[in-house]
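Remarks on the structure that follows.
The sequence lines fix the lettering, A, B, ..., with proteins before strands; numbering per chain opens at 1.
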2 protein chains.
Amino acid sequence: MSDNIKKRKVVIVDDHPLVIEGFKNVLKDHLDFQIVGQFRKAEDFQNFMATEVVDIILLDITLPDGNGIHICREVKQANPEIIVLGISNLSERSIVKQMLQNGANGYLLKTADSNDILYCLQAAIDGEIVLSQEIRELFDMADLRKPEDIPELTKREKQILQLLAEGKKSLEIAESLFISPLTVKTHRATLLQKFQTGSLVILINKAKEYGLL
Amino acid sequence: MSDNIKKRKVVIVDDHPLVIEGFKNVLKDHLDFQIVGQFRKAEDFQNFMATEVVDIILLDITLPDGNGIHICREVKQANPEIIVLGISNLSERSIVKQMLQNGANGYLLKTADSNDILYCLQAAIDGEIVLSQEIRELFDMADLRKPEDIPELTKREKQILQLLAEGKKSLEIAESLFISPLTVKTHRATLLQKFQTGSLVILINKAKEYGLL
DNA sequence: TTAAAAATACTCCCTACGGAGTATTGTAAT
DNA sequence: ATTACAATACTCCGTAGGGAGTATTTTTAA
């Protein structure tokens, strides 16, 4: 099975101990892989990476103190040869896309089973971009790796978006930010325009999809 | 540690194989527990339960073909002595409450670590209602076990709620359901009333919180 | 320091939404 | 058969939302 004498050094970054345990269980009987680190926080992981050499990183998207997408980019910039596989419960297109655009070698859902995981690891080593089955279905023949246009928002816009997502009316927002309701209206209009929709609900849905909320 | 000769029979119901692996890893070295079943689908679990006897059920809330809350109620109605612990990523109050109201002996977040899990299992066996740390923080001194009034919706209302959550306007909904926009308006008004709010966004937020979407 | 971007605030206009109430028809369960 | 609820559809009214455009001040970056 292995064409290498050395084991691949694997680190797991996930804030769910159960998931870490799960990966350990899946990998522990396989001679090709050796888990050399497990981290629940981005910071711990980054400290580790400052001094250690690894081959494969299993990286959760949602971490208590950071964002898997950014971490992925940093790792890949410093060490493009390291294989980074995103792992997450989230099967949203934009997130998967962002991971891949930031250099990830693949993306696994936590619903993947042992075989799936081992297959994806091997395929990633072989240079493929691996997506677990469900993710692949999400995309059909969609233009992967072409950036989804996530609108850039100003500080104020993000603030107002947040309040809108809480169900606040323009007047309430105006009061809590000490500005004119008409200004709120302007910001809201800009948000709708940037998200290319005429519906508050769609605006908020998209914002959530893009990880802005 | 154990005051029993027989091992407690544990089953795990979770659609994430990694989580199952994690629990197996946590429990496998403990003489008190024995995993006698693991299921990714509610149906498989229910077939198993029809013929087997178990002591403890670790039950995910979100399953591909069912709802942990309902399953919990069924199990507890048939066998009140079985210990049911909810496990989930979701730390929303209403969901935890619903589990407990339906007889669950506790609720663990998947972020719980091995010690946390073992402690909670033991405490549940000792007759306590166990909540993992983060969940307990959510509640403070809140009136647990008093039902949160989750509105009962009719078929049509659920249908329209769904479309509203997708950002559809009343007119679009009317067209796709072949009814008058005024009827849609009536249903929307009923929804807002049942959720006790005047904001579509809040309506949708609550619906999501209650697991209706 | 000067140009660009952000935040502020307004106009006008029209439509969609939200509150309150009434009414008819259909469809369950008792 | 009859009571209850669901689903349908309407009226009237007022406000909030949304489209399009203009304009001033403040902040930030080149």
Pair B:Asn105-B:Lys76, side-chain donor/acceptor within less than 3.5 Å: yes
Side-chain N,O (B:His187) to OP1/OP2 (D:dA7) below 4.0 Å: no
Qualifying salt bridge (Lys or Arg N to Asp or Glu O under 4.0 Å) pairs, either residue in residues 49-63 of chain B, two or more places apart: B:Asp60-B:Lys110
Approximate separation, where rounding is to 0.5 Å, of A:Glu21 CD and B:Ile20 CD1: 15.0 Å
Spacing of A:Lys24 atom NZ and A:Ile12 atom CD1 [to the nearest 0.5 Å]: 7.5 Å
d(CD1, A:Ile160; P, D:dG17) in whole Å: 12 Å
Bending between helix ends of the helix from C:dT2-D:dA29 to C:dT30-D:dA1 [5 pairs per end, 10° resolution]: 70°
Residues in contact with DNA chain D, drawn from residues 174-182 of chain B - heavy-atom cutoff 4.0 Å: B:Ile179, B:Ser180, B:Leu182
Rounded interatomic separation in angstrom, taking CG from B:Leu153 and P from D:dA7: 10 Å
A:Thr183 vs C:dA9: side-chain N/O to OP1/OP2 distance below 4.0 Å: yes
Taking every non-hydrogen atom, the tightest pair across A:Gly86 and A:Ile61: CA-CD1, 4.4 Å
Separation of B:Cys72 SG from B:Ile57 CD1 (nearest 0.5 Å): 8.0 Å
Closest heavy-atom pair and its distance - A:Ile204, A:Ala165: CD1-CA, 3.6 Å
Pairwise side-chain hydrogen bond (donor to acceptor under 3.5 Å, both in side chains) hits with a residue in residues 151-160 of chain B, at least two apart: B:Thr154-B:Glu157, B:Arg156-B:Gln159, B:Glu157-B:Lys194
A:Leu121 side, atom CG; A:Leu108 side, atom CG - distance, nearest 0.5 Å: 7.0 Å
Protein-to-nucleotide contact annotation, 5' to 3' order, nucleotides 12-30 of chain C [B base; S sugar-phosphate only; - none; under 4.0 Å, heavy atom]: ----SSBB-----------
Euclidean distance, atom CD of residue A:Gln196 to atom C1' of D:dG18 [Å, nearest integer]: 16 Å
Partner set under salt bridge (charged side-chain N to carboxylate O under 4.0 Å, His left out) for A:Glu166, not counting sequence neighbours: A:Lys168
B:Leu58 side chain near B:Val10 side chain, heavy-atom distance below 4.5 Å: yes
Separation of D:dT25 P from A:Arg156 CZ (nearest whole Å): 19 Å
